[in-house]
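Okay, structure first, notes after.
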Protein chains: 2
Amino acid sequence: MAKPRHERLDCSPGCTVEATLGLIDGKWKGVILFHLFEGVLRFNEIRRRLPNVTQRMLTNQLRELEADGLIVRTVYPQVPPKVEYSLSERGRSLEPVIMALKAWGDVHAPIHQKAA
Amino acid sequence: MAKPRHERLDCSPGCTVEATLGLIDGKWKGVILFHLFEGVLRFNEIRRRLPNVTQRMLTNQLRELEADGLIVRTVYPQVPPKVEYSLSERGRSLEPVIMALKAWGDVHAPIHQKAA
DNA sequence: CATCACGGTATCCTTTTCGACACTATGGGC
DNA sequence: GCCCATAGTGTCGAAAAGGATACCGTGATG
(Lines give C-alpha, C1' and ligand atoms only; values in the text may rest on other atoms or scores of the structure.)
Protein backbone atom coordinates (compact mmCIF):
# COMPACT_ATOMS: atom_id res chain seq x y z
CA MET A 1 0.00 0.00 0.00
CA ALA A 2 1.20 3.38 -0.95
CA LYS A 3 4.51 2.07 -1.98
CA PRO A 4 6.80 4.56 -3.62
CA ARG A 5 7.13 4.12 -7.31
CA HIS A 6 10.87 4.38 -7.12
CA GLU A 7 12.63 2.67 -4.32
CA ARG A 8 15.66 4.72 -5.01
CA LEU A 9 14.83 8.31 -5.65
CA ASP A 10 18.27 9.31 -6.76
CA CYS A 11 16.77 11.04 -9.73
CA SER A 12 18.10 14.53 -9.28
CA PRO A 13 15.89 17.48 -8.33
CA GLY A 14 13.00 16.37 -10.46
CA CYS A 15 12.32 13.39 -8.29
CA THR A 16 9.89 15.22 -6.08
CA VAL A 17 7.73 15.50 -9.16
CA GLU A 18 7.53 11.75 -9.25
CA ALA A 19 7.08 11.56 -5.53
CA THR A 20 3.97 13.69 -5.71
CA LEU A 21 2.82 11.87 -8.79
CA GLY A 22 3.20 8.60 -6.95
CA LEU A 23 0.63 9.72 -4.41
CA ILE A 24 -2.09 10.87 -6.74
CA ASP A 25 -1.44 8.33 -9.42
CA GLY A 26 -3.45 5.18 -9.24
CA LYS A 27 -6.21 5.36 -11.75
CA TRP A 28 -8.89 6.78 -9.45
CA LYS A 29 -7.09 8.78 -6.80
CA GLY A 30 -7.14 12.00 -8.73
CA VAL A 31 -10.88 11.93 -9.20
CA ILE A 32 -11.52 10.79 -5.67
CA LEU A 33 -9.55 13.69 -4.30
CA PHE A 34 -11.28 16.00 -6.69
CA HIS A 35 -14.67 14.97 -5.39
CA LEU A 36 -13.57 15.20 -1.80
CA PHE A 37 -12.66 18.84 -2.31
CA GLU A 38 -16.38 19.40 -2.54
CA GLY A 39 -16.93 17.96 0.89
CA VAL A 40 -17.17 14.88 3.03
CA LEU A 41 -18.47 11.81 1.25
CA ARG A 42 -19.60 8.37 2.24
CA PHE A 43 -18.31 5.25 0.57
CA ASN A 44 -21.26 4.71 -1.67
CA GLU A 45 -21.53 8.38 -2.49
CA ILE A 46 -18.06 8.21 -3.96
CA ARG A 47 -18.94 5.01 -5.68
CA ARG A 48 -21.92 6.58 -7.36
CA ARG A 49 -19.77 9.40 -8.64
CA LEU A 50 -17.36 6.92 -10.22
CA PRO A 51 -19.57 4.62 -12.22
CA ASN A 52 -16.81 2.36 -13.46
CA VAL A 53 -14.99 1.66 -10.28
CA THR A 54 -15.43 -1.65 -8.55
CA GLN A 55 -15.85 -1.94 -4.83
CA ARG A 56 -12.50 -3.58 -4.47
CA MET A 57 -10.69 -0.89 -6.41
CA LEU A 58 -12.42 1.89 -4.58
CA THR A 59 -11.55 0.35 -1.24
CA ASN A 60 -7.98 -0.07 -2.40
CA GLN A 61 -7.59 3.47 -3.56
CA LEU A 62 -9.18 4.89 -0.45
CA ARG A 63 -6.94 2.80 1.75
CA GLU A 64 -3.87 3.99 -0.10
CA LEU A 65 -4.94 7.58 0.13
CA GLU A 66 -5.50 7.06 3.82
CA ALA A 67 -2.12 5.38 4.26
CA ASP A 68 -0.52 8.35 2.53
CA GLY A 69 -2.25 10.63 4.98
CA LEU A 70 -4.23 12.43 2.35
CA ILE A 71 -7.69 11.49 3.52
CA VAL A 72 -9.32 10.62 6.81
CA ARG A 73 -11.62 7.67 7.27
CA THR A 74 -14.24 8.04 9.95
CA VAL A 75 -16.24 4.99 10.94
CA TYR A 76 -19.50 5.44 12.78
CA PRO A 77 -20.20 2.32 14.78
CA GLN A 78 -23.72 1.89 13.57
CA VAL A 79 -25.68 -0.53 11.63
CA PRO A 80 -25.97 -0.30 8.75
CA PRO A 81 -22.37 0.88 8.70
CA LYS A 82 -21.57 4.47 7.98
CA VAL A 83 -18.12 5.53 6.87
CA GLU A 84 -17.18 9.02 5.90
CA TYR A 85 -14.17 10.10 3.93
CA SER A 86 -12.76 13.57 4.16
CA LEU A 87 -9.55 15.31 3.27
CA SER A 88 -6.80 15.72 5.79
CA GLU A 89 -4.80 18.90 6.01
CA ARG A 90 -2.16 17.29 3.86
CA GLY A 91 -4.81 16.24 1.40
CA ARG A 92 -6.29 19.69 1.27
CA SER A 93 -2.86 21.10 0.51
CA LEU A 94 -2.96 19.17 -2.73
CA GLU A 95 -5.80 21.30 -4.02
CA PRO A 96 -3.67 23.63 -6.14
CA VAL A 97 -1.96 20.63 -7.67
CA ILE A 98 -5.18 18.84 -8.55
CA MET A 99 -6.63 22.07 -9.84
CA ALA A 100 -3.59 22.65 -12.02
CA LEU A 101 -4.10 19.20 -13.47
CA LYS A 102 -7.75 19.87 -14.04
CA ALA A 103 -7.13 23.28 -15.53
CA TRP A 104 -4.68 21.88 -18.03
CA GLY A 105 -6.97 19.00 -18.86
CA ASP A 106 -9.91 21.33 -19.37
CA VAL A 107 -7.99 23.47 -21.80
CA HIS A 108 -6.06 20.84 -23.67
CA ALA A 109 -8.91 18.39 -23.52
CA PRO A 110 -7.38 15.20 -24.79
CA ILE A 111 -10.79 13.65 -24.43
CA HIS A 112 -11.58 12.91 -28.03
CA GLN A 113 -8.52 14.30 -29.70
CA LYS A 114 -10.35 17.56 -29.35
CA ALA A 115 -13.57 17.10 -31.25
CA ALA A 116 -15.60 20.08 -32.37
CA MET B 1 1.03 3.86 -26.62
CA ALA B 2 -0.48 6.76 -24.86
CA LYS B 3 -3.67 4.94 -24.29
CA PRO B 4 -6.10 6.69 -22.03
CA ARG B 5 -6.27 5.22 -18.60
CA HIS B 6 -10.04 5.13 -18.76
CA GLU B 7 -11.70 4.11 -21.95
CA ARG B 8 -14.90 5.56 -20.69
CA LEU B 9 -14.39 8.91 -19.14
CA ASP B 10 -17.86 9.25 -17.77
CA CYS B 11 -16.43 10.28 -14.47
CA SER B 12 -18.04 13.63 -13.99
CA PRO B 13 -16.12 16.91 -14.13
CA GLY B 14 -13.11 15.50 -12.36
CA CYS B 15 -12.20 13.33 -15.27
CA THR B 16 -9.98 15.93 -16.85
CA VAL B 17 -7.80 15.52 -13.81
CA GLU B 18 -7.29 11.92 -14.75
CA ALA B 19 -6.88 12.81 -18.39
CA THR B 20 -3.94 15.05 -17.58
CA LEU B 21 -2.62 12.56 -15.12
CA GLY B 22 -2.73 9.91 -17.79
CA LEU B 23 -0.29 11.91 -19.88
CA ILE B 24 2.34 12.63 -17.29
CA ASP B 25 1.93 9.47 -15.34
CA GLY B 26 4.12 6.61 -16.33
CA LYS B 27 6.90 6.29 -13.86
CA TRP B 28 9.43 8.47 -15.65
CA LYS B 29 7.50 10.97 -17.69
CA GLY B 30 7.30 13.54 -14.97
CA VAL B 31 11.03 13.64 -14.48
CA ILE B 32 11.76 13.55 -18.17
CA LEU B 33 9.55 16.56 -18.75
CA PHE B 34 11.11 18.27 -15.80
CA HIS B 35 14.56 17.88 -17.25
CA LEU B 36 13.44 19.00 -20.65
CA PHE B 37 12.24 22.28 -19.20
CA GLU B 38 15.92 23.05 -18.76
CA GLY B 39 16.59 22.61 -22.43
CA VAL B 40 17.08 20.26 -25.30
CA LEU B 41 18.61 16.93 -24.40
CA ARG B 42 20.00 13.97 -26.25
CA PHE B 43 18.95 10.43 -25.50
CA ASN B 44 21.93 9.53 -23.43
CA GLU B 45 21.91 12.84 -21.65
CA ILE B 46 18.48 12.03 -20.36
CA ARG B 47 19.61 8.56 -19.53
CA ARG B 48 22.46 9.83 -17.46
CA ARG B 49 20.10 12.05 -15.51
CA LEU B 50 17.90 9.08 -14.70
CA PRO B 51 20.29 6.49 -13.37
CA ASN B 52 17.72 3.77 -12.84
CA VAL B 53 15.94 3.83 -16.12
CA THR B 54 16.63 1.15 -18.68
CA GLN B 55 17.08 1.91 -22.34
CA ARG B 56 13.88 0.17 -23.20
CA MET B 57 11.86 2.09 -20.63
CA LEU B 58 13.35 5.40 -21.60
CA THR B 59 12.61 4.77 -25.24
CA ASN B 60 9.07 3.78 -24.32
CA GLN B 61 8.41 6.82 -22.23
CA LEU B 62 9.88 9.13 -24.82
CA ARG B 63 7.78 7.55 -27.55
CA GLU B 64 4.64 7.95 -25.50
CA LEU B 65 5.42 11.54 -24.73
CA GLU B 66 6.02 12.10 -28.41
CA ALA B 67 2.79 10.34 -29.35
CA ASP B 68 0.95 12.59 -26.92
CA GLY B 69 2.48 15.58 -28.63
CA LEU B 70 4.35 16.74 -25.57
CA ILE B 71 7.86 16.42 -26.89
CA VAL B 72 9.56 16.62 -30.26
CA ARG B 73 12.09 14.10 -31.46
CA THR B 74 14.69 15.36 -33.88
CA VAL B 75 16.93 12.87 -35.60
CA TYR B 76 20.17 14.00 -37.17
CA PRO B 77 21.11 11.58 -39.90
CA GLN B 78 24.65 11.09 -38.76
CA VAL B 79 26.78 8.38 -37.50
CA PRO B 80 27.04 7.85 -34.67
CA PRO B 81 23.36 8.71 -34.39
CA LYS B 82 22.27 11.92 -32.76
CA VAL B 83 18.76 12.42 -31.52
CA GLU B 84 17.54 15.42 -29.66
CA TYR B 85 14.46 15.71 -27.53
CA SER B 86 12.75 18.99 -26.85
CA LEU B 87 9.42 20.16 -25.58
CA SER B 88 6.61 21.01 -27.94
CA GLU B 89 4.35 23.96 -27.33
CA ARG B 90 1.88 21.63 -25.73
CA GLY B 91 4.60 20.15 -23.61
CA ARG B 92 5.78 23.55 -22.53
CA SER B 93 2.25 24.41 -21.47
CA LEU B 94 2.52 21.68 -18.88
CA GLU B 95 5.18 23.58 -17.02
CA PRO B 96 2.89 25.06 -14.37
CA VAL B 97 1.45 21.62 -13.74
CA ILE B 98 4.81 19.95 -13.34
CA MET B 99 5.99 22.79 -11.19
CA ALA B 100 2.94 22.49 -8.98
CA LEU B 101 3.75 18.83 -8.54
CA LYS B 102 7.33 19.60 -7.76
CA ALA B 103 6.47 22.42 -5.38
CA TRP B 104 4.17 20.18 -3.40
CA GLY B 105 6.69 17.38 -3.38
CA ASP B 106 9.44 19.70 -2.21
CA VAL B 107 7.37 20.93 0.69
CA HIS B 108 5.66 17.75 1.74
CA ALA B 109 8.70 15.67 0.91
CA PRO B 110 7.39 12.17 1.36
CA ILE B 111 10.92 11.02 0.77
CA HIS B 112 11.72 9.67 4.18
CA GLN B 113 8.44 10.25 5.93
CA LYS B 114 9.66 13.75 6.54
CA ALA B 115 12.88 13.36 8.46
CA ALA B 116 13.99 16.37 10.49
C1' DC C 1 -39.49 -15.07 5.07
C1' DA C 2 -36.91 -12.81 1.32
C1' DT C 3 -34.70 -8.75 -0.11
C1' DC C 4 -32.28 -4.44 0.02
C1' DA C 5 -28.68 -1.20 1.56
C1' DC C 6 -24.36 -0.45 3.92
C1' DG C 7 -19.18 -0.97 3.65
C1' DG C 8 -16.57 -3.72 2.95
C1' DT C 9 -13.32 -8.96 2.09
C1' DA C 10 -11.59 -12.82 -0.32
C1' DT C 11 -10.56 -15.24 -4.30
C1' DC C 12 -9.60 -15.92 -8.98
C1' DC C 13 -7.98 -14.61 -13.29
C1' DT C 14 -6.47 -11.57 -17.06
C1' DT C 15 -3.97 -7.63 -18.52
C1' DT C 16 -0.38 -4.47 -18.13
C1' DT C 17 3.96 -2.98 -16.60
C1' DC C 18 8.65 -3.19 -16.17
C1' DG C 19 13.39 -4.96 -15.51
C1' DA C 20 17.17 -7.92 -17.53
C1' DC C 21 19.48 -9.09 -21.26
C1' DA C 22 20.90 -9.68 -25.96
C1' DC C 23 21.23 -7.74 -30.45
C1' DT C 24 21.59 -4.06 -34.34
C1' DA C 25 24.69 -0.62 -37.45
C1' DT C 26 28.41 2.49 -38.00
C1' DG C 27 32.69 5.00 -37.20
C1' DG C 28 36.62 6.08 -34.35
C1' DG C 29 40.32 4.91 -31.02
C1' DC C 30 43.72 1.61 -29.39
C1' DG D 1 41.12 -6.88 -35.04
C1' DC D 2 38.47 -5.51 -30.95
C1' DC D 3 36.03 -2.51 -28.15
C1' DC D 4 33.64 1.84 -27.28
C1' DA D 5 29.80 5.12 -27.96
C1' DT D 6 25.39 6.32 -30.16
C1' DA D 7 20.26 5.32 -30.18
C1' DG D 8 17.82 2.30 -30.27
C1' DT D 9 14.78 -2.79 -30.94
C1' DG D 10 13.21 -7.55 -29.53
C1' DT D 11 12.24 -11.12 -26.54
C1' DC D 12 11.50 -13.22 -22.08
C1' DG D 13 9.56 -13.58 -17.73
C1' DA D 14 8.33 -11.86 -13.11
C1' DA D 15 5.47 -8.86 -10.69
C1' DA D 16 1.88 -5.74 -10.14
C1' DA D 17 -2.42 -3.73 -11.34
C1' DG D 18 -6.97 -4.23 -11.99
C1' DG D 19 -11.63 -6.50 -13.20
C1' DA D 20 -15.36 -10.06 -12.05
C1' DT D 21 -17.65 -12.38 -8.81
C1' DA D 22 -19.08 -14.17 -4.50
C1' DC D 23 -19.53 -13.57 0.29
C1' DC D 24 -20.03 -11.23 5.19
C1' DG D 25 -23.38 -9.37 9.21
C1' DT D 26 -26.95 -6.51 10.50
C1' DG D 27 -31.33 -3.89 10.45
C1' DA D 28 -35.14 -2.16 8.06
C1' DT D 29 -38.51 -2.88 4.55
C1' DG D 30 -41.92 -5.47 1.85
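In the text below, chain A, chain B and the rest are named by the order of the sequence lines, each starting its count at 1.
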Determine, using the 4.5 Å side-chain heavy-atom cutoff (strictly less than), whether Tyr76(A) and Leu62(A) are members of one ILVMFWY cluster. no
What is the nucleic acid contact for Tyr85(A), judged by heavy atoms within less than 4.0 Å: base, sugar-phosphate only, or nothing? sugar-phosphate
Under a 4.0 Å threshold between the charged nitrogen and the carboxylate oxygen, would Lys102(A) count as salt-bridged to Asp106(A)? yes
Are Leu41(A) and Met57(A) grouped together when hydrophobic residues (ILVMFWY) are joined by side-chain heavy atoms under 4.5 angstrom apart? yes
Has Lys82(A) got a side-chain N or O lying under 4.0 Å from the OP1 or OP2 atom of dA5(C)? no
Calculate the interatomic distance between Leu41(A) atom CG and dC6(C) atom C1'; express it in whole Å. 16 Å
Is the backbone of Gly91(A) close enough, under 3.5 Å, to the side chain of Ser88(A) for a donor and an acceptor to pair up by distance? yes
Nearest-neighbour nucleotide for the Pro80(A) side chain, dC6(C), dA7(D), dG19(D) considered: dC6(C)
Any Arg63(A) side-chain nitrogen or oxygen under 4.0 Å from OP1 or OP2 of dG8(C): yes
Would you mind telling me which of dG7(C), dA7(D), dG18(D) lies closest to the side-chain atoms of Arg42(A)? dG7(C)
Give the rounded distance in Å between these two atoms: CG of Leu58(B) and P of dT6(D). 13 Å
Look only at the side chain of Arg47(A) and the backbone of Asn52(A), and say whether a donor-acceptor pair between them is shorter than 3.5 Å. no
Rounding to a whole Å, what distance do you find between Gln55(A):CD and dT21(D):P? 13 Å
Nearest-nucleotide pick for Arg48(A), side chain only, options being dC6(C), dG7(C), dG27(D): dC6(C)
Tyr76(A) atom OH is separated from dG7(C) atom P, nearest whole Å, by 12 Å
Between Arg73(A) and dG8(C), does any side-chain N or O lie under 4.0 Å from OP1 or OP2? yes
Can you list the stems that include DNA chain C, where a stem is three or more consecutive Watson-Crick or G-U pairs with distances under 3.5 Å? C:1-30 with D:1-30
Quick one: Glu66(B) CD to dG8(D) P, roughly how many Å, whole number? 9 Å
Can you hop from Trp28(A) to Val72(A) via hydrophobic side chains spaced under 4.5 Å? no
Between dC6(C), dC18(C), dA7(D), which nucleotide gets closest to the side-chain atoms of Lys27(B)? dC18(C)
Is Thr20(A) reaching over with its side chain to a backbone N or O of Gly105(B), donor-acceptor style, under 3.5 angstrom? yes
Quick note, Thr54(B) side chain, CB onward, closest among dG19(C), dA7(D), dG18(D) is dG19(C)
Would the base of dG19(C) count as contacting Arg56(B) through its side chain, where contact means a donor and an acceptor less than 3.5 Å apart? yes
Round to the nearest Å and state the distance from Met57(A) atom CE to dT21(D) atom P. 17 Å
Separation of Arg47(B) atom CZ from dT9(D) atom C1', in whole Å? 13 Å
Whole Å only: how far is the CG atom of Asn52(A) from the P atom of dG19(D)? 9 Å
